[in-house]
Amino acid sequence: MLIRGQCHCGNIAFTLSWEPSPTEIQARACSCSFCTKHGGVWTSNPRGSLEVTVKDPALVSKYAHGTRTADFHVCARCGVVPVVTSRLDGRLYAVVSVNAFDGVDPSLLRRESRDFDGEGKDDRLARRKRNWIPEVRFIEGGA
Ligand SMILES: [Zn+2]
């Protein structure tokens, strides 16, 4: 299954390859202070691969907070946050926002809330390596 999503104005778009096709997609409402404010709900597949196309990189604001180990890619034009990345041991990992999905049957989404506030930094990075999308490619200036 190819899951497509983008920010509201289309500057940041992604295609997530998810094989075999999911019978359900975890949708994790993150309770960190930033995600609480913008309503971040994330998913990832540790066997998936992600392609992110950015039309105008100058219109992407990368925001980091807390442990500063993850970058939220905020569209500076429309304000949507379609993707978060984290570089771990030289590899780029990512999660994508289920709110940015286009054309995905909402009944596939299994919504849950997660509270990672008590998690230590080492545990957090290890969890990302286990759960986040491990194949991430950015294409900048793409149509
Ligand atoms: Zn946008």
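- Nearest approach of C75 to N11, heavy atoms of both residues: SG-CB, 4.0 Å.
- The environment of CG in D115 is crowded: more than 12 heavy-atom neighbours from other residues, nucleotides or ligands sit within 6.0 Å.
- Between the CD1 atom in I133 and the CH2 atom in W18 there is a gap of 7.5 Å [rounded to 0.5 Å].
- Residue V104 is grouped with residue I12 when hydrophobic side chains (ILVMFWY) are merged at heavy-atom distances under 4.5 angstrom, including chains of intermediate members.
- The shortest side-chain heavy-atom distance between T69 and K121 falls under the 4.5 Å cut-off.
- No side-chain heavy atom of V74 sits under 4.5 Å from any side-chain heavy atom of K62.
- Panel note: side chain D71, backbone V84; no donor-acceptor pair is recorded below 3.5 Å.
- The pair R137-E135 does not meet the salt-bridge criterion, since no charged nitrogen lies less than 4.0 angstrom from a carboxylate oxygen.
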Let me have the donor-acceptor pairs involving side chains of residues 1-8, under 3.5 Å, with sequence neighbours excluded, atom names and distances please.
| residue | atom | partner | partner atom | Å |
| --- | --- | --- | --- | --- |
| R4 | NH1 | T15 | OG1 | 3.3 |

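- In terms of heavy atoms, K55 sits closest to P57 at O-CD, 3.7 Å.
- V83 and F34 are members of different hydrophobic clusters when ILVMFWY side chains are connected at heavy-atom separations under 4.5 Å.
- Transitive grouping of hydrophobic side chains (ILVMFWY, heavy atoms separated by less than 4.5 Å) keeps F101 and V95 in distinct clusters.
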*asked:* I'd like to know whether W132 forms a side-chain contact (heavy atoms from CB on, under 4.5 Å) with W42, so could you lay out the CA-CA distance, the side-chain angles of the two residues, the decisive distance to 0.1 Å, and finally the verdict.
replied: CA-CA 10 Å; W132 285 30; W42 310 101; over 6 Å; no
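- Between the side chain of T43 and the main chain of Q26, a donor-acceptor pair closer than 3.5 Å is present.
- Taking all atoms of both residues into account, the shortest heavy-atom contact from S31 to F116 is OG-N, 4.3 Å.
- With salt bridges taken as basic N to acidic carboxylate O contacts below 4.0 Å, one links R127 and E119.
- Remark: side-chain polar atoms of S44 are paired, donor with acceptor, to backbone N or O of N131 under 3.5 angstrom.
- Rounding to the nearest 0.5 Å places CG of L50 at 14.0 Å from OH of Y93.
- With contacts defined as side-chain heavy-atom distances shorter than 4.5 Å, the pair V54/F138 qualifies.
- Screening residues 77-89 for side chain to side chain donor-acceptor pair (under 3.5 Å) gives H73-T85, S86-R128, D89-K129 as the qualifying pairs, with residues at least two apart or on separate chains.
- P134 and G48 make their closest contact through CD-O, 3.5 Å (heavy atoms, listed as atom of the first residue, atom of the second, distance).
- Side chain of R28 to main chain of R111: no donor-acceptor pair is present (N/O by atom type, distance under 3.5 Å, no hydrogens or angles).
- Note: F72 and H38 have perpendicular aromatic rings, judged against thresholds of 30 and 60 degrees for the angle between ring planes.
- Nearest heavy-atom pair, V136 versus A94, reported as atom, atom and distance to 0.1 Å: CG2-CB, 3.7 Å.
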